[in-house]
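Okay, structure first, notes after.
Convention: sequence-line order gives letters A, B, ...; per-chain numbering from 1.
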There are 2 protein chains.
Amino acid sequence: MTDSEYGQRTETLQEPTPPVARDAVARGIDRGAIVTVYGRCTVDYDGRATSYLEAGDRHLMLKPDGAALVHTDEGQQPVNWQPPGCDHAVGCADGELVVESLRSTPDERLAVRFSEVLQVSAFSGTDENDLALTGTEEDLRQRILEEPTLLENGFTPLATERDTPAGAVDIYGEDAAGRAVVVELKRRRVGPDAVSQLRRYVDALERDLHADAAVRGILVAPSVTDRAGRLLTEHGLEFVSLEPPAE
Amino acid sequence: MTDSEYGQRTETLQEPTPPVARDAVARGIDRGAIVTVYGRCTVDYDGRATSYLEAGDRHLMLKPDGAALVHTDEGQQPVNWQPPGCDHAVGCADGELVVESLRSTPDERLAVRFSEVLQVSAFSGTDENDLALTGTEEDLRQRILEEPTLLENGFTPLATERDTPAGAVDIYGEDAAGRAVVVELKRRRVGPDAVSQLRRYVDALERDLHADAAVRGILVAPSVTDRAGRLLTEHGLEFVSLEPPAE
DNA sequence: TGATGGATGTCGGTT
DNA sequence: AACCGACGTCCATCA
């Protein structure tokens with residue numbers, strides 16, 4: 001039922017007793033493995049908020065970086081979790097397997113109590129490669145910097161991440177008439193929040209450059225919602241429809 | 001090595017051949033189980049963006065609601081995923097196990113190709129219970145509605161989720177002098193975005209109630225950042241420090 | 001189905 | 001350690 005010889009890349013136990021499960025989990029954590037436990041459990045969380053989950057069958061994953069995830073059979077998001085950097089502890093109490101993940105700053109505690117353990121697994125392996133992702137806001141920025149005319153004729157980018165009292169502007173530049181232009185980029189359709197963000201930057205830059213300077217604000221995104229479009233008009237801001245490159 | 005009798009709550013195979021793995025995954029999906037695969041794989045994603053991940057050892061989880069998660073040994077978030085509502089398909093190609101998850105609106109495709117399958121598991125179970133969570137924004141709202149004096153003496157809540165052209169206001173009410181008050185709630189320390197949000201609501205309500213009416217805007221949160229504090233002052237908005245109740 | 005805003009958001013960069 | 005904004009954000013709610 002197990003393949004627990006030293007050096008194996010996986011080690012799995014079916015319906016172990018709590019002490020056996022505890023030792024397997026502890027050994028997996030020690031070896032730097034991804035450890036999973038499936039079984040009937042309750043979950044306590046206390047930290048930034050507080051939660052409790054009554055008994056049910058769930059899947060717990062403990063990662064060597066200190067992350068913990070409790071998954072039910074629904075949803076992309078775990079029902080409970082702990083971020084990387086936590087310390088995992090495992091033990092038996094009242095004949096149950098108990099897994100705890102703790103961290104400080106902020107003080108947070110996750111406790112999973114298994115009344116029944118159906119399976120414990122430990123997975124060791126290597127993963128050297130990083131994800132290659134395209135279609136991000138950064139890609140959209142590159143596209144505009146390489147071909148500023150996409151924004152409008154005569155636009156000249158002068159800086160990216162230009163600092164203002166309100167934060168860093170995505171692209172700062174000049175139009176054909178020499179007016180200052182603030183560009184805010186979004187990789188997808190935007191709502192009111194993006195308009196407010198652009199507005200903050202334009203306001204801040206107008207103060208920074210002295211009161212006389214009128215600063216143009218251009219929102220670049222695939223599209224805007226109705227309300228966002230109205231907000232743009234109200235605030236005298238502009239919109240240019242552009243998407244991140246497909247690849 | 002397996003406990004695949006019909007009706008078992010878990011079914012696990014160690015190092016199955018691709019066709020055997022394929023059948024186990026298909027059977028697990030059919031039964032409405034949570035299916036996991038651990039092994040060496042590459043991951044292709046195409047949809048709202050595009051990504052590719054070179055070979056490495058990873059953990060794939062397929063949920064009966066159509067969600068798919070690819071986890072490495074690091075991070076709380078999956079390196080690749082597909083949201084609930086997808087169709088999972090499994091097959092063999094070039095002697096490899098291939099799992100695909102597809103959806104439309106938007107069109108998105110996730111493909112995981114295993115050059116080596118170390119373990120396949122299927123977990124069946126029941127989970128009737130919902131998470132009980134406290135310390136949310138909703139709890140903060142309840143706290144204020146029950147004791148409006150926490151906000152300020154003489155405050156009278158008149159509505160929650162009051163609609164304005166800019167969206168729904170968390171709490172709408174009147175102060176002791178009968179002036180309209182817009183309250184924006186945040187469960188934790190806030191930055192500039194929350195201030196802009198409150199500003200949009202105050203603006204919208206002032207227009208809605210006619211130009212003469214001065215509307216007060218109060219941000220309620222545990223604390224604000226420096227920049228947010230400055231923005232509040234600039235916009236003539238107020239701040240009251242309150243947290244969600246501890247339990 | 002789309003819009004809107006909350007979230008124990010998480011994550012990365014920078015100060 | 002805090003601040004800030006992006007994210008293939010996810011997610012519930014409501015129109």
Item to check | Closest-nucleotide ordering on DNA chain C, the 5'-leading residue of L131(B) and A228(A) | outcome: A228(A)
Checklist entry - Heavy atoms under 4.0 Å, any strand shown: does T50(B) hit a base, just sugar-phosphate, or nothing? => result nothing
Checklist entry - Going by heavy atoms in the side chains, are P84(B) and Q76(A) under 4.5 Å from each other? => result yes
Checklist entry - Given atom CZ of R103(A) and atom C1' of dA1(D), what is their separation to the nearest angstrom? => result 13 Å
Next on the checklist: Regarding P84(B), tell me which of base, sugar-phosphate or nothing describes its non-hydrogen contacts under 4.0 Å with the strands shown.
Outcome noted: sugar-phosphate
Checklist outcome for this item: Result for 5'-nearest mapping on DNA chain C, choosing between G191(A) and S51(A), is G191(A)
Item to check | Pairwise P distance for dA7(C) and dC7(D), with rounding to whole Å | outcome: 22 Å
Checklist entry - Is the shortest heavy-atom distance from the side chain of R141(A) to the side chain of E161(A) under 4.5 Å? => result yes
Next on the checklist: Expressed as a whole number of angstroms, how long is the span from E74(A):CD to dC10(D):C1'?
Outcome noted: 15 Å
Next on the checklist: Using a heavy-atom cut-off of 4.0 Å across all strands, would you classify G135(A) as base, sugar-phosphate, or nothing?
Outcome noted: nothing
Checklist entry - Any luck finding a side-chain donor-acceptor pair between R40(A) and S115(A) under 3.5 Å? => result no
Checklist entry - How would you label the contact of A166(B) with the nucleic acid (heavy atoms, under 4.0 Å): base, sugar-phosphate, or nothing? => result sugar-phosphate
Checklist entry - Expressed in angstrom and rounded to an integer, what is the separation of D193(B) atom CG from dC3(D) atom C1'? => result 12 Å
Checklist entry - With a non-hydrogen cut-off below 4.0 angstrom, is E184(B) in contact with a base, only sugar-phosphate, or nothing? => result sugar-phosphate
Item to check | chain B contact limits on DNA chain C, taken 5' to 3' with a cut-off of 4.0 angstrom to heavy atoms | outcome: dT1(C) to dC11(C)
Checklist entry - OP1, OP2 of dT9(D) versus side-chain N and O of W81(B): anything below 4.0 Å? => result no
Next on the checklist: Using a heavy-atom cut-off of 4.0 Å across all strands, would you classify Q197(A) as base, sugar-phosphate, or nothing?
Outcome noted: sugar-phosphate
Checklist entry - If you look at every strand shown and take non-hydrogen atoms under 4.0 Å, does N80(A) touch a base, only sugar-phosphate, or nothing? => result base
Item to check | Atom C1', compared across dA6(D) and dC10(D): separation rounded to whole Å | outcome: 14 Å
Next on the checklist: Whether the side chain of S104(B) engages the backbone of D107(B) through a donor-acceptor N/O pair (distance < 3.5 Å, no angle test) should be reported.
Outcome noted: no
Next on the checklist: For D163(B) and R188(A), find the nucleotide of DNA chain D closest to each by heavy atoms; which residue's nucleotide sits nearer the 5' end?
Outcome noted: R188(A)
Next on the checklist: Please give the distance between the C1' atoms of dT10(C) and dG6(C) as a whole number of Å.
Outcome noted: 14 Å
Checklist entry - Touch check for Q82(A), heavy atoms < 4.0 angstrom, all strands: base, sugar-phosphate only, or nothing? => result nothing
Checklist entry - Taking atom C1' of dG5(D) as reference, at what distance in whole Å does atom CG of D170(A) sit? => result 9 Å
Item to check | Any donor-acceptor N/O pair, R187(A) side chain to R48(B) backbone, under 3.5 Å | outcome: yes
Next on the checklist: Please report the distance, rounded to the nearest Å, between CG in L133(A) and P in dA6(D).
Outcome noted: 15 Å
Item to check | Distance-only donor-acceptor check, side chains D193(B) and S196(B), under 3.5 Å | outcome: no
Checklist entry - Which dot-bracket string fits DNA chain C when only Watson-Crick or G-U wobble pairs with both atom distances under 3.5 Å count, crossing pairs get [ ], and | stands for a partner on a different strand? => result |||||||.|||||||
Item to check | Side-chain heavy atoms of R103(A) within contact of P83(A), under 4.5 Å | outcome: yes
Item to check | Nearest heavy-atom neighbours spanning R162(A) and A159(A) | outcome: CB-CB, 4.2 Å
Next on the checklist: How many whole angstroms separate atom CG of D46(B) from atom C1' of dG8(D)?
Outcome noted: 10 Å
Item to check | D65(B) CG - dA12(D) P separation (whole Å) | outcome: 10 Å
Next on the checklist: Could you check whether R189(B) and S223(B), counting side-chain N and O atoms only, form a donor-acceptor pair closer than 3.5 Å?
Outcome noted: yes
Item to check | Phosphate-side-chain proximity, T225(B) and dC4(D), N/O vs OP1/OP2 below 4.0 Å | outcome: yes
Checklist entry - How many Å lie between CZ on R187(A) and P on dG8(D), as a whole number? => result 6 Å
Item to check | Under 3.5 Å side-chain donor-acceptor pair for E108(B) and Y45(B) | outcome: yes
Checklist entry - Which nucleotide in the list dG8(D), dT9(D), dG5(D) gets nearest to the side chain of R200(A)? => result dG5(D)
Checklist entry - H71(A) versus I34(B): any side-chain heavy-atom pair under 4.5 Å? => result no
Next on the checklist: Applying a 4.0 Å non-hydrogen cut-off, can you work out what P106(B) is touching in the nucleic acid: base, sugar-phosphate, or nothing?
Outcome noted: nothing
